[in-house]
Structures are given as structure tokens and as C-alpha cells.
Amino acid sequence: MEYSFNDIERKWQERWKSDHVYQVSNTSTKPKCYVLDMFPYPSGAGLHVGHPLGYIASDIFARYKRLKGFNVLHPMGYDAFGLPAEQYAIERGIHPAVSTKQNISNFREQLDRIGFSFDWSRQVNTAEPSFYKWTQWIFLQLFNSWYDRNANQARPITELLTLFESQGYNGLVTNRQVPDFTAAEWKSFSEKQQQDILMEVRLAYCGFGEVNWCEALGTVLANDEVINGFSERGGHPVIKKKLRQWYLRITEYADRLLESLQKLSFSDAMKEMQSNWIGKSFGAEMDFAFEKDPGKKLRVYTTRPDTIFGVDFMVVAPEHEMIPALTSPSEKKAVDQYIAYVKSRSERERMAEKKITGCFTGSYVLNPFNGRKIPVWISEYVLAGYGTGAIMAVPCGDERDFKFARFFNIPITNIIGQHFNGEDANSTKDAILENSGFLNGMLMRDAIPVVNAKLEELGIGNPRVNYKMRDAAFSRQRYWGEPFPIVWKNGIAYPLDEKDLPLELPKVDSYKAGPDGEGPLANLSEWTAKHLETNTMPGYAGSSWYFLRYMDPHNSEVFCSRKASDYWGQVDLYIGGTEHAVGHLLYSRMWTKFLFDRGFIGFDEPYKRLVNQGMIQGSSRFAHRIEISGADEMEMLAKQKPIFLSAGMKNRSLDELNASLKSVLLEQWGKGAERVQIISVSSLHVDVNLVNGAELDISAFRSWRPEYGQAHFVMENGKYICGTEVEKMSKSKFNTVNPNELVDKYGADTFRMYEMFLGPVEQSKPWDTKGIEGVHRFLRKLWRLFFDEIKGKVWTADAATEAEWKVLHKAIKKLDEDTDRFSFNTAVSALMITVNELGELKSHKKEILENLLIILTPYAPHISEELWH
RNA sequence: GCCCGGAUGGCGGAAUUGGUAGACGCGUCAGACUCAAAAUCUGGUAUUCGCAAGGAUGUGCAGGUUCGAUUCCUGUUCCGGGCACCA
């Protein structure tokens, strides 16, 4: 009896499906375990072998936990809204809903063959109205909430209204944009005035702001979607632009997002990425009075108040509001010119060039501690959006300040003695202060609190915490996203009533941008007639809460019943790539905290443990073709009958090649080849599926492309060897490997185990199909412990020996440990060793083999089921 | 520039807490079975000296701590990832 994996796998997959084996209930006496994958964006390209890596790992873990007696929630769904589907629609004229549906069915077909234990009855799709109804609903909750910094939580805006009506502003919200007012004043405000104030505190708000605008995509992008001045998707240039935009006030959660990071089981690298993104810094704000007008103050932010006596100049951002007041008549022209110059430069240019530019304002401020006159400069290296948009420059301690001082010949004060060598700034905190008035002789780090106390005592400053993180841009001028449940009337945003949700995305005929930077929905008269918001939500809206919907996917009353979310609680294990470190993961953490604050769920962090699977890179193969110069007809011939060199010859000199290949050329191209010169050797991507290891399958290559049909190959030792390189896996590089082909050839169980055997899940590694035979051999060996091709059944019900039990128990222990700590590659090795050992013992005892099948089940579920008697 | 991670045979990788480096698999070599091939099985396979027994060297590089270091410390090179005028 043979191991016919194709029949076995089909049989069990059908049975799992028809018997609803993996459907999970929300009521169980078993302990729960929630194992989640980052759901995929269903792209048109389909799956390559890199995609299922994380799914296989999570499936192993889910099956393992099930065997350990847990009620396991292991769902899958689709993150279906987003830019690529819309771009695709624009290019091919297929409606995103249609292409998305097709892509989803492709994905599903591919996934099903690998034998996952997903509970498909809980599938979610963010682009379906039954799902985005609740995305819109949560948006409304955000819109209708404010952040109470005293209670350190979000609260309904109705509560704030009551407070405003009874006590006025009264410091209830610490937001600079909101002016002080009394209860009586509040009541006297017009509706518009009141609503404008409320808009300044809503957790989802609409405002004017500088945004990342991508002209090619016709939309704004969030900070994490911009990479070095280019869009993450498509790589188009991105510029800063002032636009009306929706935002999430994620900055209110900055501190909590940072703090609760501590208790999460994320990798240190991940924690660090997130905390760098949040970018908390402790410092102080400080006032410097104008020399000419002591009533006016310039407020700066610094993290080093201890260096106050080393301040040699001030720098304000080019957008700073005090520039007109600071500019002296004699410098006005230069200042105007400089500001015009800065405006003319794109973000991209600023980042690429990084040159030192600046301009003196002509005026001075006074150091509050020693009265020293300090010149005020303008420079683009100071950012308007951070701190106060103005800094005190200490060139002996800060590299940028130092370079600036050098460049403009500003004298440098040394307050750190020999720690400053005059050639480089030194940002140490461990120097003893000199030239520093009342701080002389003090250690710098000790001086920080001393100065802070003095600032407060004199009323000229205070300690201050700043964050790099900005509020998240939450609107896109695109079609394929959730519509905002907002109606505009007289410049006031009114939320739709909950009972009118979902606000369905209408069909459109064209996806072109609307007027004035608005989205395609602005072209629809039926939409604009109702004054509906024409922007749509960004890709990360649905993914910020989808994990909650899996818990209660068919509920039409609420997004997720409290009963369901109380039962399932946090995701016990979340698997996905690092690329979402500062996007999705941060947003979903914020939404979870918000929903917790408002009492809709009972936990404030979504994911207990996060594992980042590494990327599987493509291993590209190249063929090296010789390029020639000669008569036109010869070049034509060279195209029809190309000559390829094996990898070892590619780097020979052209002289050498011309000499050694003469006869080859003559043979291939005939007499005319005498006049031909080889001028270069070019490398062309070859489909990896035509290559075995590094050796090219020549006949397959010839039939791959018609133009290679008559190709000639210059071999080494009778083989044509390809060049290799590790690159990102992509269709255009012909280095993708389709899991379907491997499943057909070796079976899903082999494929699953091989993906795990390749190396640690967290590690990035190039794909190499070569070793899959070894894993396949293992499964066949396992099969032979039960069945012999000729003799048939060989397993017996005899009692096992001591030695056999020993082998089994060693395996069970190792598998438990390895599966728990996510070391699946060593677990697969252990299984191989076990089967080898049992083979050596000629062990065919049922009681041993059955136990072996149990520990094998998570890794190779089909064969385990089949052999289970 | 700053921060984080990594470097082990021909290849992917193992060594969980400082204790026999190279598990397991690939590849390769030899053998068995076969008319032959495939499949399967058995054995060898870090480098080096040696007919052999055996010896020497060996975890990017240079040092250090230790009875003992792939593992800890210092410095350094290369590779990968993240951030990048955040005062």
C-alpha cells in the first residue's frame, strides 16, 4: 500500500469541510485560545510560497492548542479595501468589488489546498457593508468622544457638553487650540462656534493641516505610508500640502501606547520601533524675552535645560509665527528671500540635500539667567511641527547647532571644558559645567532638575514632555474605502444616525478625482446633493478592529457582543510581518484602548503575544547572454539564435571570450560570424522553475520563450550553470514559486513541514525548493512504519518495548517544548529523528505509532488523520 | 549619521541555563538491491597531517574574563532591518 498523498489530502479536506470540524463555539467549558494571522490584502498576484509561512506556523500552533484541550479561535478574512484594487480598476476598468471577489476566490482556493484549520464560518471582509457598517459605527464613537486627560481616558462628548454648560472651559481640555470661556459665554456661542470648539477635542476630527499629498495617487497618505519622500505603494513622489482632512487624535494615547508596550510579549525590536515612532522626550519649555521689546517672548523647547549658559544663538522654523515681529527692517529683504527659498523646496529635496541654510533676523533675545544678547536665526533644520518650532542652539553640545555655527561663523561658548575639542559637538551629560553661572561645577545630568526648578520659580518656563508621533491622517481622496457617515451643513459636520448605517459605497462610473482635491465621490450628484462627506477612510480603518469581529461575526446588533469579547478576550498569539510595526499595530492598539475606555470591550490591548515571521525572499536565477556588434543582419541572427554562457565564464575578459568562442559563433551563426565582436555579457532573469539548483533545464528553457527556441549554450562540465542572487520575491523577477505546484508534487503535509524546516519562523531566508525531497522522504518513511508496499499492513497490536517507549517520550517532550517556543524547525527535525529511530528498531507497535501520530498532527494533519485507526 | 539584529561545513541550519561544536535535512562519495533505471536501504562526508591508530586547527576578525566561550565582556569588519534634521 502506497502513500498516495493526493487522495488522502483531498479526502480529509473534504471531510473537515463537510463535518464542520473546525467550526468553533463561543460557549465552551474548555479554556480559550485565540490564534490570529494578520489577514491578507487579496492582491491579484495570488500566493507565492512566502505567504503561507505565517499561516502554517499559526495553524500548527492552533492545532497543537486544540490537542491540548483548548477551545481555539483560529479565523481568517480579507482586508479588501485599499489603493491597489482601485489602481487596478483604473488600469483595467474592472470594478474593485469584482476584482476583489475574484482575488478572494483565488486566495481561498490556494489556501484550502494547504489544509488549514480555519473556521471559515467566521470569515470577515472589510469591504462588505455588513462589516464596514461597524467600522463606520466605531468612527462615530471616536467622533463623539473626547480625551479627558485628568481621568486619562476617552469619554463621550455629551459629558463634555454638560460640563461646558455648567462650568465653562475651566481647563477641562488642555488643548491650545481651545480658548478659555465661561459657561455663559459657551451658551452665547453660535452653533458653528460651539461645533468648531468641539472639533478641536474630538478623537476623530476634521481639520486643516499639512498632509502628505501624493499627486500620482491623488490622495493623502499617513506618515507611515511615506518612505523617504515617496509613497509606500507605487513609489510616487509625495509633497506637503495644506488640505482639509480627517484625523485620529492618536497623540492623546501616545503615553498609554508607550507604557503598556512593557507588558506585551512583542520582540524587543518591535517594541523599539514603536517607541521610536512615538518618540517621547522629556525636556523643558523656556521663554526668552526680546531685546527690543521685553514684553514679547520667544518660547523654545529643549531636552537639555542644563546647557542654558552655552546658548549662542536661537533658531526658529521658517513657518514660525513670530518671524515678522523678529525681523528687523534691515534684514527684511533677506528674510523674505530665505522664506521664499524654503517654500520652493520640496520635502524630498530637503531630505536629499541636507545642506546648511539659514538667515539672521536682525534681532536678539536675552538669556534670562545672565542677560546675554542672543541672535535669532531662521533655518529649515528646525521643524515647525515639533516642540514650539524654536530652539536654543548650543553648538558645543549639539552636532547640528555646531555645524550651523561653523557655517555662519557664530562664536561658540564652551561650557563643558575638555569634553569639547572644538572640532565636534559633544552631547555628553557627564561633564562638569563651566562658564555656567550658578551651575558652575555641577554635573550636567544633575543640573537638569535644578534649571527646571528655577524656570518654574521665575515663571519663565516649565518641564515639558513632547512626542514625535503626530495625529494620524484618516481620510483618503479615493473611492475604494469606507464612506464617512458624515453630512456637512453650513460648515458643520453632522454625524449620521446609527440606524442609517451602513452608509453604503455607491457605484461610480469613473474613479477620477473630484474637484479641488476631493475624492471620486465628489463627482456623484446623488452623493453631493445630500452633502455627504466625499473622502473615504484609509486602508487601516477596517484592520484596526477586525480581530474583534471574528469573535461575533454575524451579529447585526453590535460590532461584537460584550459577551463574546469577554469570552475570547485578547489575541493570545498574533502572527504577521514587521512591516506593520508602526501602522496597523499602533492603530489597532489605539482603537482597542478607545473601545476599552468607552466600555465596549473589557481589555485595552489587542495582542498578548506577537510573532513576526520573516520574509521569504526569492532566489533569482540568471542566464548570461553574449551581446555582439557587427553587421545588422548578424545582430538579427544573434537575437534569433542567442548564445548563453554558463556562470563560470561570465567574468572572463572580452578578449578571452572573443578568442575562445570563435568556433562556437561560427557554428551557431555561420560564416558571417567571422566579423562579429562580443562586446558585453548581459544577465537575464530565468524562471526559477526551469532551474534545478543552479543547473538550467535547457529544453524547458528553450520552450519557455519562443526567442530562446534556438539558443545555444556554452556549458561547463556538461552543465549550464545559472548565476544566482537573492532578491524580493516577485513575478517580474521570475523567482516566485507557487505553492500549488509543490502541493501537487509532494502533498500539503510535505509542503507545510518543509516551510517550517527551512529555518526559524522569525528569520528571513531565501526560498530554495531543493531540500523538499528530504521532508517528503520522511513522510514516506513514516508511512512504511504502518504499511508495506507489498505486504500491506505491518503495524501490530503487540506491547511496546522499553526502548520504544523511550524514543516516543523523548519525542513528545521535545515537540511540546519546541511548539510552545515556536521553534518549528527543530520540532520537524525531532520528528525525523524519531521516525529514523523507530525504523532502526523495526518498531511497528500500534500503541507507539498512535502516540506518534498525535504529536505529528499539527505539522502533518492529513497523513496523521489517515493513519489513525 | 543614530538605533536594533545577525555572521557556525559545499548549502539551509542545530547546540534551550557557559559544559562532547556541526543535530536534522540537502548535496556529494562509496556500497547493497536491479539486466538497467527509478525508488529504497547501508556507510562515509568541517579543515588539515597521517597507510593507520591518532594528532593539530576550527563558530567573521583582534583581544579579554573563565578550569572551560558559538554562548559573557571590549574593540573591529561585513551583511540585514528600522529611524532619519524631533532640539
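Every value quoted in this text rests on a predicted model; they were computed, and no experiment measured them.
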**Q.** Under-3.5 Å donor-acceptor pair between A:Lys781 side chain and B:rU40 base
**A.** no

Q | Short side-chain N/O contact to B:rU40 OP1/OP2 from A:Arg780, under 4.0 Å | A | yes

Q. At under 4.0 Å, does any side-chain N or O of A:Gln763 touch on OP1 or OP2 of B:rG13?
A. yes

Q.
In this structure, how many angstroms lie between the P atom of B:rA87 and the CG atom of A:Asp306, rounded?
A. 14 Å

Q.
Within the 4.0 Å heavy-atom criterion, would you say A:Asn836 contacts the bases, only the backbone, or no part of the nucleic acid?
A. sugar-phosphate

Q | Where the chi angle of B:rG55 falls, syn if within 90° of 0 and anti if not | A | anti

Q: Verify whether one side chain among A:Thr826 and A:Asp818 offers a donor that lies under 3.5 Å from an acceptor in the other.
A: yes

Q.
Please report the distance, rounded to the nearest Å, between NZ in A:Lys271 and P in B:rG81.
A. 24 Å

**Q.** Nearest-nucleotide pick for A:Glu817, side chain only, options being B:rU16, B:rG82, B:rA87
**A.** B:rU16

Q) When you check the phosphate oxygens OP1 and OP2 of B:rU40, does a side-chain N or O of A:Arg777 lie under 4.0 Å from one of them? A) yes

Q. Can you tell me if A:His776 uses its side chain to pair, donor with acceptor, with the backbone of A:Tyr746 under 3.5 Å?
A. yes

Q) Does B:rG12 have OP1 or OP2 sitting under 4.0 Å from an N or O in the side chain of A:Asn825? A) no

Q: State which of B:rC41, B:rG25, B:rA87 makes the closest approach to the side chain of A:Met832.
A: B:rG25

Q: List the atom of A:Ser267, the atom of A:Asn612, and the distance in Å for their closest heavy-atom pair.
A: OG-OD1, 4.0 Å

Q: Identify which nucleotide among B:rG13, B:rA87, B:rC85 has an atom closest to any side-chain atom of A:Glu380, counting heavy atoms from C-beta outward.
A: B:rC85

Q: Using a cut-off of strictly less than 4.0 Å, decide whether A:Tyr386 has a side-chain nitrogen or oxygen near OP1 or OP2 of B:rA87.
A: yes

Q | Strand partner of B:rA87, provided both Watson-Crick or wobble distances fall under 3.5 Å | A | none

Q | Nucleotide of B:rC24, B:rU16, B:rC85 approaching A:Asp818 most closely (side-chain heavy atoms) | A | B:rU16

Q: Calculate the interatomic distance between A:Ile833 atom CD1 and B:rA14 atom P; express it in whole Å.
A: 13 Å

Q. Who is the Watson-Crick or G-U wobble partner of B:rA53, with both distances under 3.5 Å?
A. none

Q.
How many whole angstroms separate atom CZ of A:Arg821 from atom C1' of B:rA15?
A. 10 Å

(Q) Measure CH2/A:Trp277 against C1'/B:rC4 and give the value in whole Å, please. (A) 17 Å

Q: Have a look at A:Val775 and say if it touches a base, only the backbone sugar-phosphate, or nothing, with a 4.0 Å heavy-atom cut-off.
A: nothing

**Q.** Whole-Å distance separating the CZ atom of A:Phe757 from the P atom of B:rA14
**A.** 10 Å

Q.
Tell me whether A:Arg372 is salt-bridged to A:Asp312, with the criterion being a basic N under 4.0 Å from an acidic carboxylate O.
A. yes

Q. For the ring pair A:Phe404 and A:Phe313, is the centre-to-centre distance below 6.0 Å?
A. yes

Q: Could you tell me whether A:Pro766 contacts a base, only the sugar-phosphate backbone, or nothing, with contacts defined as non-hydrogen atoms closer than 4.0 Å?
A: nothing

Q: Using both distances under 3.5 Å as the test, list the Watson-Crick or G-U wobble partner of B:rU34, or none.
A: none

**Q.** Below 4.0 Å: OP1/OP2 of B:rG13 and any side-chain N or O of A:Thr826
**A.** no

Q) What is the base-pairing partner of B:rU74, counting Watson-Crick and G-U wobble geometry with both distances under 3.5 Å? A) B:rA62

(Q) Under 4.0 Å, heavy atoms only, any strand: does A:Leu383 hit a base, just the sugar-phosphate, or nothing? (A) base

Q: Hey, can you tell me if A:Tyr754 and A:Trp767 have their rings parallel, tilted or perpendicular (30° and 60° cut-offs)?
A: perpendicular

Q) Reckon A:Ser823 touches a base, only the sugar-phosphate, or nothing at all at heavy-atom distances under 4.0 Å? A) nothing

